[in-house]
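To start, the structure under review is shown below, and the notes come after it.
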Amino acid sequence: MSDPVKVLEAAFRDAIGAAFGSEYESHDPSLRASQHADYQANAAMALGKVLKKNPREVAAAILEKLNVEGVCDKVEIAGPGFINLTLSNAFLTRQVQALSKDKALGVVQANEPQTTVVDYSAPNVAKEMHVGHLRSTIIGDCLVRVFEAQGHHVIRQNHVGDWGTQFGMLIEHLLDMGEDDAAKELGLGDLNAFYQQARKKFDSDPAFADRARKRVVLLQGGDEATLSRWKVLFDLSAGYFQTIYDRLGVLLTKADIAGESFYNQLLSPTLSELEEKGLAKESQGALCVFPSGFAGREGDPLPLIVRKQDGGYGYATTDLAAIRYRLKTLKAKRILYVVGAPQSAHLNMVFQAAREAGWLTSEARVEHVPFGSVLGSDKKMLKTRAGDSVKLVNLLDEAVERASAKVAEKSKDLPSEEREAIARAVGIGAIKYADLSSDRVKDYVFDWDKMLAFEGNTAPYTMYACARVLGIYRKSDEADRAAGDEALVISAPEEHALAAALLRFGSVVELVGETLQPHHLCGYLYETASLFATFYQKCPVVKAGTSDADRRSRLVLCDVTARVLKHGLNLLGINVPGRM
RNA sequence: GCGCCCGUAGCUCAGUUGGAUAGAGCGACGGCCUUCUAAGCCGUUGGUCGCCCGUUCGAGUCGGGCCGGGCGUGCCA
C-alpha cells in the first residue's frame, strides 16, 4: 500500500478505463523505475498496438484522464510513448509518515495465510556438516523468515539423513568405542573422524562388516537395544547440529527435524497406496513408479525405485512418503524443497508421481528451489587443500576470525566484548549475505575478501550504513525525537530519492516471496544503503548549524531508514550491531 | 544420445518478467575529513550482452539452431 507503484497503478487503470472503456482496465499499466524520472509507464505502446492507434496519442489520451493530483509533480510523454512520472515531495512525505507508523514497514500480510512447508538444511547424522549444507540452510532460513513476515504458517522440515545401511557400521563402531568415548568425540564435533573410522573398519575388517550388516537387520527389525544405540548417535548429532545452527543464527531447532527415520512407518502405507492405484510396478526385480515425462538413456521410462531388489527402501521411497505426509497430514498449500540443482530431475519425478497418486492437486503448490554450487577461486567445487569438503565449523571460525581482524583495525575505541560481538555479526553476516546476494541458481565463487569488503553489495557495507543511521539517532535530543512523524518534510533531492526507496520495501519482500530469490532483497538493501550514504553526505542531521525543522524532519527519515535496513537484514537472517 | 542449468566490462555480479543511451562493486586514474562513524562520498575510465536466424514499433530478456562449460540420466542421497 505504501509503494507508490501501487498508487500509480490504480490511477492508470482508472485512466485507461475512462479513456478506452472498462474492458481495458485490466491492461497492465507497466510501471517501471525510470532513469528519466521516478517511474515510467510503458502501457501506451502495447495499448497502441491493440487499439491500432499511435502510441503517443494513446499516451496523451491516458494523461487526459489520469488523476495523480497530489501524487505526481510532473507527468510527461517522451519518446515513442513513455509516460514519465515524478513523485511530489508532499506525497512522499505523507507516505513515509504512514510507513513510519506501520510496524511491518509496508510488508503486506497475506489475506489468506498458507501452510507452507520449507524443507531445508538436511545434514547427515554422525557426519560432519560441510559447505554442501551451507546454501540450503541459509537460503531456506531466509525464505522461512520472509513467509513468516507475510503472515503465513510456516513449518520447517529438516530432512536429516538418520537412517539407512550405514547405521549398521556406525552402531558397531559406537559399541567398539564405548558410549562414553563416542559421546566425547561426537559431542566435541569431530564427526568426520568417527564416520571415517567406522568406514575404514567396514572396508578392511570382514568380521566387522559382517556385524554391521547384521546390525542393520536388527535396526530395521526394531530391536530395542539397537534402537537405543541409534538414538545415542541421533541425539549427539542433533545436539551438534544445534551448535552450528545457533552460531549461524538460523531458526532450526531439534523440533524441526523430520528425517528419514521419521518416515519409516509411513513407507509401507505409501507403497500400498501406490500399488493399489496401479502406479508401482515390478521391474528388473525392483518395485518402481514410472512418472510420465521422464526418459532414461535409451529413451525408456525412468523409474523411481520404491523398493530395491533386496527389499530395502531408498531415498525415492522416503521422498514419496514425505510429500504424501506434507500434503495429506500437514495439509501444506505450498512446499518448498531447498535442495541443490543436481537433484532437479529426481524431485520433479517425485512431484509428478505425487500428482499421479492424487496427493498433489491444483490446491497446492510444490516447488524445487534449486541452488548452484559454492566454488573455490579455481572455479571448482570448494574443497580444502587436501581435497576434502570444507567443514562448516571451520568456515564459521575463519569468518569470525577474519572479521575480528577488520574490527580490531577499524573500531579500536570500542570495548573488546562489543568488538567480539560485532566480529561475530559481521563474519556470519558476510557468509550469509554472500550466499544470498547473487542469483540462487548460479554457482558462486567463495571469496573472503569480497564478502568482507566494506564496498559494494556486501553485508559489512549495509550493516555499516545501518550503524551510521543509528549513530545519528543516538546523538539526537529527546525534544527533537519527540517532534515525531509530523516533523517530516521531504525536500532535498537526496531525501526524495531515499524516501522513494524506503516505500518500495514491502514490494521487494513480496517479490522475494514470489520468486524465492533473496538476492532481490540484498540488491534493494544495498541500493537503499547507498542512497542513505549520499543523503548522509549532503544532508546534515544533528550536525551544528542545521535548522530545527531540518533536523527533526531528517530524524524521521533516519528512523525509518534504520528500521527498513534492520528489518531487511533480519529477513536475510543477519543481526545488526548498534554500532561498529 | 536425451534432459536440466549456466555464458553480460580485465575480475566478481545486477538487469524489476519485452522498453529509452545495458548498470553496480573491485581494479586503474583524479577529487572530498577543524564536530552527525572516511568501514564513507563524488567524478573519470571500461561492453560485438557466447554466435546466427526469427517473432515486433521495440530483444540482454521470448522462440529455433549452433558453440562452450557444468550437472543428471535404475537399485548412493
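Residue A:R297 is in base contact, counting any heavy-atom pair closer than 4.0 Å across all strands shown. A:A465 comes within contact range of no nucleotide atom at all, as no heavy-atom separation falls under 4.0 Å. If you check every strand for non-hydrogen atoms under 4.0 Å, A:D439 touches sugar and phosphate atoms only.
Nucleotide B:G27 forms a pair with B:U45, judged by Watson-Crick or G-U wobble geometry with both contacts under 3.5 Å. In this structure B:C51 sits in a base pair with B:G65, meeting the Watson-Crick or G-U test at under 3.5 Å.
Base orientation of B:C33: syn (glycosidic angle within 90° of 0). Regarding the sugar-base torsion, B:U17 falls in the syn class, its angle being within 90° of 0.
Out of B:C5, B:U17, B:A77, the shortest distance to the side chain of A:Q343 is found at B:A77. Nearest to the side-chain atoms of A:H519 among the listed nucleotides B:G40, B:C75, B:A14 stands B:A14. When each of B:G74, B:C76, B:A77 is scored by its nearest atom to the side-chain atoms of A:K308, the top-ranked nucleotide is B:C76.
The side chain of A:K538 places no N or O atom within less than 4.0 Å of a non-bridging phosphate oxygen (OP1 or OP2) of B:C42. Contact annotation: A:R32 reaches the phosphate of B:U17 (side-chain N/O to OP1 or OP2, under 4.0 Å). Side-chain N/O atoms of A:T165 include none lying less than 4.0 angstrom from OP1 or OP2 on B:C76. Phosphate proximity of B:G70 to A:K379: absent, as no side-chain N or O sits under 4.0 Å from OP1 or OP2.
The aromatic ring of A:F82 sits over the base of B:A20, with ring centres less than 5.5 Å apart and planes tilted by under 30°.
Judged by distance alone, the side chain of A:Y524 and the main-chain N or O of A:A501 form a donor-acceptor pair under 3.5 Å.
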